[in-house]
Participant: 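Input: one structure, supplied below.
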Amino acid sequence: MAAEETIIQLRNMGKEFKTANGPVVALDDINLDIQRGEIFGIIGLSGAGKSTLVRCINMLEVPTSGEVVFEGENLAAMSESGQRKARQSMGMIFQQFNLLAQRNVVKNICFPMEIAGTPKKQARERAMELLKLVGLEDRAKAYPAQLSGGQKQRVAIARAIATNPKVLLCDEATSALDPNTTKSILQLLKQINRDLGITVIVITHEMAVIEAICDRVAIIDQSHIAEVGKVSDIFSEPKSRIGRQLILGDAVTNVKFDVARKYRIIFDGRESMEPVIANMILACKVPVNILYASTKDIGGKAVGQMIVQLPEDETDANRALTYLKSVEIPYEEVREHDI
């Protein structure tokens with residue numbers, strides 16, 4: 001298996017905006033390595049700094065401090081033409097599509113190739129090839145106003161990869177779409193990543209998007225990286241408070257605590273069809289109260305966690321814990337302040 005190769009490195013990167021009320025820190029001490037060929041997610045709440053971060057990656061926003069290293073070169077140290085060439089290696093799609101209303105679909109896709117100096121005939125051939133890839137061959141002469149939201153985003157994706165970029169930046173690219181359309185766009189991004197080898201960076205506030213296509217994820221909170229890791233690891237056991245909030249939602253904070261013992265059972269990659277709790281109840285003959293559950297099926301594996309209440313009787317509770325230990329399911333006792 002080939003060693004992983006880093007395509008983008010962010011080193012101690014910061015971004016500060018000057019405002020009438022003084023400086024505002026949008027990003028502070030950001031350190032990330034993004035590997036060539038992966039789908040990397042960046043998630044956070046509104047105002048956390050996600051969009052500023054993606055715009056710093058392609059230097060649409062110039063960082064105030066630190067470095068953005070692309071394929072081993074510091075972008076800030078490059079000449080203007082060098083930066084322009086590097087930016088051409090990074091396609092970008094947005095929430096609002098940003099298509100040119102006065103151009104039809106083919107001409108929208110040709111636009112970045114025109115800027116890059118691609119001959120007209122070659123550009124059109126490439127555009128038609130990309131329309132086939134995104135499933136819109138029959139809409140070549142349509143104008144943006146005649147397209148649905150999902151079709152507009154497919155055209156935007158085709159335009160973004162027209163110049164054969166190495167990286168595709170997706171800034172909230174599915175936020176304006178309905179769930180079914182979102183699913184089809186995410187499948188298309190996954191196909192592009194797999195078939196063309198393009199590194200995809202997904203900026204979103206939706207955990208479902210990260211879960212659907214990302215290999216690794218960074219969680220950003222109040223201008224800082226709260227945690228970063230494999231999606232399956234973060235989903236099964238988020239380390240940060242913001243990670244727990246994003247993954248578990250608010251429901252877990254509403255668990256009522258009384259004198260009985262509560263345990264967090266962690267699902268970290270078992271077969272998703274395995275009925276763990278049912279098996280424990282049958283094997284131990286003890287009642288178990290499920291107070292909260294958030295588990296996902298990622299690639300046929302169960303990840304996530306449950307909070308369960310075990311019987312007050314010490315013997316019954318220990319029997320259940322012994323069962324969990326015997327089948328190698330991680331668990332921990334939780335107090336109110338742990339959640």
Side-chain angles (χ1 to χ4, degrees), residues 31 41-45 48 205-212 214-222 224-339:
N31 289 280
I42 299 171
I43 189 166
L45 302 175
H205 65 276
E206 300 173 283
M207 263 299 176
V209 170
I210 298 294
E211 174 197 350
C214 293
D215 302 307
R216 291 192 304 134
V217 61
I219 300 177
I220 187 169
D221 183 37
Q222 297 179 343
H224 293 83
I225 299 294
E227 59 182 307
V228 59
K230 289 182 180 177
V231 170
S232 56
D233 293 342
I234 300 284
F235 265 78
S236 64
E237 198 172 359
K239 300 284 193 300
S240 63
R241 178 170 285 276
I242 185 64
R244 290 194 290 272
Q245 183 183 339
L246 286 165
I247 293 162
L248 302 178
D250 295 329
V252 72
T253 63
N254 296 326
V255 173
K256 301 298 183 203
F257 282 77
D258 50 30
V259 294
R261 291 156 65 183
K262 278 85 178 175
Y263 288 85
R264 189 194 318 275
I265 297 174
I266 299 161
F267 296 87
D268 56 358
R270 305 181 73 84
E271 293 297 325
S272 58
M273 298 303 290
E274 183 180 344
V276 171
I277 300 300
N279 285 346
M280 180 174 75
I281 292 168
L282 288 170
C284 303
K285 306 291 191 292
V286 297
V288 174
N289 183 20
I290 298 174
L291 297 175
Y292 179 78
S294 177
T295 60
K296 309 276 186 182
D297 181 335
I298 299 181
K301 302 293 183 183
V303 298
Q305 49 191 304
M306 281 185 185
I307 295 175
V308 299
Q309 185 180 44
L310 296 183
E312 289 186 28
D313 181 87
E314 193 81 12
T315 304
D316 286 347
N318 286 337
R319 197 182 310 141
L321 296 177
T322 300
Y323 174 82
L324 290 175
K325 199 177 293 182
S326 72
V327 294
E328 299 181 340
I329 293 175
Y331 66 87
E332 61 183 3
E333 189 167 7
V334 290
R335 307 287 184 207
E336 191 162 5
H337 61 77
D338 293 327
I339 295 183

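Excluded from the calculations below are hydrogen atoms, water molecules and symmetry mates; all remaining heavy atoms, backbone and side chain alike, are included.
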Participant: Just verifying a value: how many Å separate Gln309 CD and Lys262 NZ, rounded to the nearest 0.5 Å?
Facilitator: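 Taking CD in Gln309 and NZ in Lys262, the distance rounds to 4.5 Å.
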Participant: Using a 4.5 Å cut-off on heavy atoms from C-beta on, say whether the side chain of Val276 contacts that of Met306.
Facilitator: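 Heavy-atom side-chain distance check fails, nothing below 4.5 Å.
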Participant: Atom CD of Gln305 and atom CZ of Arg244: how far apart are they, to the nearest 0.5 Å?
Facilitator: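 Between Gln305 CD and Arg244 CZ, I get 8.5 Å after rounding to 0.5 Å.
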Participant: With rounding to the nearest 0.5 Å, note down the distance linking NZ in Lys285 to CG in Asp316.
Facilitator: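 Output value for this atom pair is 12.0 Å.
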Participant: Would you name the heavy atoms of Cys284 and Ala320 that are closest together and state the gap between them?
Facilitator: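 It is SG-CA, 3.9 Å.
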Participant: Between Ile242 and Ile220, is any pair of side-chain heavy atoms under 4.5 Å apart?
Facilitator: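 Ile242 vs Ile220: side chains apart.
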Participant: Step through the shown structure and confirm whether more than 12 heavy atoms of other residues, nucleotides or ligands are within 6.0 Å of CD on Gln222.
Facilitator: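 Check fails, neighbour count at 12 or below.
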Participant: Where do Ala317 and Pro311 come nearest, in terms of heavy atoms and distance?
Facilitator: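 Answer, listing the atom of Ala317 first, then Pro311: CB-O, 3.6 Å.
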Participant: How long is the span from the CZ atom in Arg241 to the CG atom in Asp221, to the nearest 0.5 Å?
Facilitator: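 If we round to the nearest 0.5 Å, Arg241:CZ and Asp221:CG are 11.0 Å apart.
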Participant: Would you say that Lys325 contacts Tyr331 through its side chain, given a criterion of any heavy-atom pair below 4.5 Å between the two side chains?
Facilitator: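 Yes, side chains in contact.
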Participant: For Ile329 and Met280, run side-chain contact (heavy atoms from CB on, under 4.5 Å): C-alpha distance rounded to whole Å, both residues' side-chain angles, the deciding distance at 0.1 Å, then the answer.
Facilitator: CA-CA 11 Å; Ile329 293 175; Met280 180 174 75; over 6 Å; no
Participant: Between Phe235 and Val217, does the side-chain contact (heavy atoms from CB on, under 4.5 Å) criterion hold? Intermediate values first, please.
Facilitator: CA-CA 10 Å; Phe235 265 78; Val217 61; 5.8 Å; no
Participant: Can a donor-acceptor pair be found, under 3.5 Å and without considering hydrogens, that links the side chain of Arg264 to the backbone of Val334?
Facilitator: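 No; zero donor-acceptor contacts below 3.5 Å.
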Participant: Hey, are the side chains of Ile225 and Asn31 touching, using non-hydrogen atoms and a 4.5 Å cut-off?
Facilitator: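 Not touching, per the 4.5 Å side-chain cut-off.
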Participant: Measure across Leu246 and Gly44 and return the closest heavy-atom pair with its distance rounded to 0.1 Å.
Facilitator: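 The answer is CD1-CA, 4.4 Å.
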Participant: After noting the C-alpha distance and the side-chain angles of Leu321 and Asn318, does the key distance pass the side-chain contact (heavy atoms from CB on, under 4.5 Å) rule?
Facilitator: CA-CA 5 Å; Leu321 296 177; Asn318 286 337; 4.2 Å; yes
Participant: To the closest 0.5 Å, what do you measure between CG (Leu310) and CD1 (Ile265)?
Facilitator: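 Between atom CG of Leu310 and atom CD1 of Ile265 there are 7.0 Å.
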Participant: Stepwise, does the side-chain contact (heavy atoms from CB on, under 4.5 Å) test hold for Ile210 with Ile234?
Facilitator: CA-CA 11 Å; Ile210 298 294; Ile234 300 284; over 6 Å; no
Participant: Within this structure, what is the NE2-CD1 distance for the pair His224 and Ile219, rounded to the nearest 0.5 Å?
Facilitator: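 Answer for the NE2-CD1 pair, His224 versus Ile219, is 15.5 Å.
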